[in-house]
Protein chains: 2
Amino acid sequence: MQDGRSWTSEEIVEERTPRRPRIADVAREAGVSKTAVSFAFNSPDRLAPETASRIRDVAVSLGYRPHPVARMLTQRRTLTIGVLTPQALAVIFSNPFFGAFFEGVALAAEAEGYALHFISPLRGSLARAMDHATVDGVVAVGLSAGHPEVEQIRAAGVPLVMVDSSAMPDQPTVDIDDEGGARAAAQHLIDLGHTELLIVGVEPPFPGTADQLEPDGVMGRRLRGYRAAALAEGIEIVPASFVVAPASIDGGMVAFRRAWSSGLRPTGVLAMSDAIAVGVLRAARDEGLRVPEDISVVGFDDLDLSQFTDPPLTTVHQPIRLKGESAVRLLLSVVERRDPFPQQVRLETRLVIRGSSGPAPRRRQEVARVRR
Amino acid sequence: MQDGRSWTSEEIVEERTPRRPRIADVAREAGVSKTAVSFAFNSPDRLAPETASRIRDVAVSLGYRPHPVARMLTQRRTLTIGVLTPQALAVIFSNPFFGAFFEGVALAAEAEGYALHFISPLRGSLARAMDHATVDGVVAVGLSAGHPEVEQIRAAGVPLVMVDSSAMPDQPTVDIDDEGGARAAAQHLIDLGHTELLIVGVEPPFPGTADQLEPDGVMGRRLRGYRAAALAEGIEIVPASFVVAPASIDGGMVAFRRAWSSGLRPTGVLAMSDAIAVGVLRAARDEGLRVPEDISVVGFDDLDLSQFTDPPLTTVHQPIRLKGESAVRLLLSVVERRDPFPQQVRLETRLVIRGSSGPAPRRRQEVARVRR
DNA sequence: CCGGTTTAGCAAACCGGTTTAGCGGAGATT
DNA sequence: AATCTCCGCTAAACCGGTTTGCTAAACCGG
């Protein structure tokens with residue numbers, strides 16, 4: 001005030017970054033109460049038509065939009081569903097399986113007007129990430145049932161649907177017939193005369209996990225399916241012929257190369273993911289093997305790209321998009337209290353026979369000879 | 001009260017679903033003020049150590065966790081960044097390009113402790129979706145500059161970084177050297193002797209858009225690159241040899257088939273996306289053409305899968321993940337007010353020559369004859 | 001003209017936290 | 001002993017909306 005001028009608070013405000021207009025600003029400008037402004041937006045029928053439209057005019061002229069966070073607080077709903085993954089999003093998004101899965105999730109969510117919020121371990125902690133997540137419900141994918149966060153989420157009273165984890169009673173879940181699909185895949189190779197099988201599983205995200213192989217997890221179920229078919233035909237699956245790899249093309253290549261150079265000479269490979277199968281395909285070819293003449297490869301998932309590989313991949317089809325859709329629909333049914341009873345959805349799988357599987361080579365030498 | 005008993009309000013509450021404990025509950029139970037509880041969580045150093053730990057004990061025994069929405073409201077930050085796409089998420093997630101892009105986005109976001117919130121047109125309206133989005137900033141990808149939402153977001157004071165849209169002054173953007181990449185691709189084919197070129201562009205998401213081809217958009221820039229190289233060699237690109245297709249394998253197949261059956265006999269195809277290029281590859285083979293002997297195909301993007309196609313795809317590499325990372329880093333630098341000056345980041349492209357391109361066939365008949 | 005019902009709009013409470021200003025008491029300083 | 005400082009904690013204001021309860025005026029039929 002040294003210049004003899006007095007500053008009104010309004011002027012001072014103008015000097016700074018223009019504050020986001022609040023409901024009170026609109027109310028003052030329009031000469032009504034905050035309530036009226038709120039009504040103008042949410043229940044215009046409680047206002048005289050001309051009042052409502054006048055308020056709205058003032059609102060747009062001020063550039064006012066109700067603050068979404070404040071609105072969430074009072075309405076107790078966020079119109080957002082959380083997608084929880086035990087791995088970093090960066091590795092999730094690189095996986096075509098999740099691409100398809102999220103497609104289904106997005107489809108069902110958008111249809112009901114919900115947005116998607118991805119929750120992944122922040123600085124290593126899923127719990128910390130959950131604390132920041134403003135969601136009406138959560139779809140957790142690939143989270144093992146024993147994971148500590150599960151209980152935390154349930155305790156927080158947030159509706160939860162688990163996808164592809166071991167079965168949990170009184171907990172909505174969505175999964176597929178992993179065992180049946182795997183059995184069909186193994187049966188297929190066995191029917192073609194294969195007896196030397198290599199199984200490539202999916203490496204669990206946390207190497208440090210105590211129970212490396214939960215018998216009830218996805219991998220456990222698939223392994224059980226493979227084994228069941230083999231056992232029925234008297235074929236033995238030795239531990240050495242079961243390896244794991246990251247669920248990627250590279251992972252599959254590395255795994256096959258390692259198995260091959262360790263002396264294994266399978267004529268049939270059962271991969272628990274298409275990405276791995278594609279990697280096996282490539283690695284096998286690099287070894288000079290012909291597919292399917294020298295070696296057969298069967299995948300799992302039936303990704304879009306699997307019909308375009310060379311040769312097209314024989315694989316176990318699972319309805320990935322539908323899985324995502326089902327999970328969200330199930331979730332929303334409990335979020336919106338339409339159906340408080342936890343449901344368990346199990347989707348079908350089926351073997352899709354394409355070009356990467358064929359009759360086993362007559363004699364093992366035939367294969368061995370090829371190797372250089 | 002007909003039974004002569006009086007109900008305390010507490011008992012009534014107990015009858016219903018157990019309310020989520022609030023900060024006041026913890027305060028009462030621990031015999032302290034709300035402030036103390038808040039301090040126990042956020043600035044424990046302002047409390048006597050034993051008080052803080054006692055409060056925390058009470059909190060866990062009650063299962064209390066601060067309500068994230070309430071916390072957002074006071075702290076004025078959501079620790080979430082929004083990803084805005086002009087198309088439905090269901091179509092976005094099916095596109096491997098976005099998979100890779102989101103990988104980069106997720107990487108940079110998670111590194112700074114931010115979660116991801118996807119904003120897509122809700123019931124057709126991006127504006128409506130934005131109104132519900134609780135984010136500290138937005139990365140908009142593929143949004144044309146003229147899109148009305150852009151102004152709305154800026155007016156709302158939400159920091160915004162635009163990726164792959166036409167350049168906007170005083171607006172942070174991230175894009176790539178589309179023109180240079182395209183020029184290199186076309187030059188490559190021309191150097192190989194190709195003169196009959198087919199260009200397949202990416203169909204814009206909104207067929208109804210007035211300016212189908214913004215000269216400054218991604219497609220406009222790439223087309224300009226193709227044209228520049230052709231023009232320099234005196235090769236003419238007639239409108240008929242420029243077609244568009246959805247950015248998918250299927251889209252590429254359909255587009256090529258249609259072009260072929262309409263009588264076009266290109267010896268070289270310039271596709272503006274790898275997905276399209278892969279589709280072209282397949283469709284060409286379906287027509288009995290050999291790649292690259294009869295026809296060469298050059299893509300754009302260099303997706304992971306492009307090195308695994310048959311033959312491996314010659315394509316223009318762009319650093320997709322880096323693009324996502326850069327966008328988020330740029331965004332966070334303004335969100336966290338480290339750098340208020342809008343920056344424009346332009347990333348390099350480079351031609352990657354693989355197996356899908358080769359010398360043009362000697363005579364055009366040579367190609368025509370192949371056709372059945 | 002009167003009692004009863006609608007209508008239009010307001011003040012205050014509330015959602016569930018954080019933050020500011022300040023207060024009483026203990027220990028240190030003069 | 002009086003004053004100062006620091007510590008540990010609290011009351012109240014605040015973030016920006018929605019919702020409840022209520023009132024004054026307008027409307028209505030009799």
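Order of the sequence lines fixes the chain letters, A, B, ..., with proteins taken first and strands second; residue numbering starts at 1 for each chain. Just so we're clear, the structure is a prediction, and the values are computed from it rather than from any experiment.
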Sequence neighbours excluded, which residues qualify as side chain to side chain donor-acceptor pair (under 3.5 Å) partners of [X]?
X	value
B/D136	B/T78
A/E149	none
B/R54	none
A/E336	A/Y114, A/R338

Just the rounded figure in Å: distance from [atom2] of [N] to [atom1] of [X].
X	N	atom1	atom2	answer
A/D131	C/dG16	CG	P	17 Å
A/H132	C/dT18	NE2	P	11 Å
B/I23	C/dG16	CD1	P	12 Å
A/R19	D/dC14	CZ	C1'	13 Å

Report task. Check DNA chain D against residues 61-82 of chain B and give the residues with a non-hydrogen atom under 4.0 Å, in numerical order. Result -> B/L73, B/T74, B/R76

**Report entry** Residues in contact with DNA chain D, drawn from residues 34-57 of chain B - heavy-atom cutoff 4.0 Å
**Finding:** B/T35, B/A36, B/F39, B/R46, B/L47, B/A48, B/T51

For [X], which residues count as a side chain to side chain contact (heavy atoms under 4.5 Å, CB included) partner, sequence neighbours excluded?
X	answer
A/V150	A/L143, A/H147, A/R154, A/L160, A/M162, A/M168
B/A111	none
A/A156	A/V158, B/R65

Report summary line: With sequence neighbours left out, the residues meeting salt bridge (Lys or Arg N to Asp or Glu O under 4.0 Å) with B/D164 are B/K323

Query raised in the report: Taking only residues two or more places apart in sequence or in another chain, which ones pass salt bridge (Lys or Arg N to Asp or Glu O under 4.0 Å) with A/E110?
Result: none

Query raised in the report: Bend angle of the helix from C/dC1-D/dG30 to C/dT30-D/dA1 from five-pair axes at both ends, rounded to 10°?
Result: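 Answer rounded to 10°: the end axes differ by 40°.
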
Query raised in the report: Below 4.5 Å, heavy atoms only, C-beta onward: do B/L84 and B/M130 meet side chain to side chain?
Result: yes

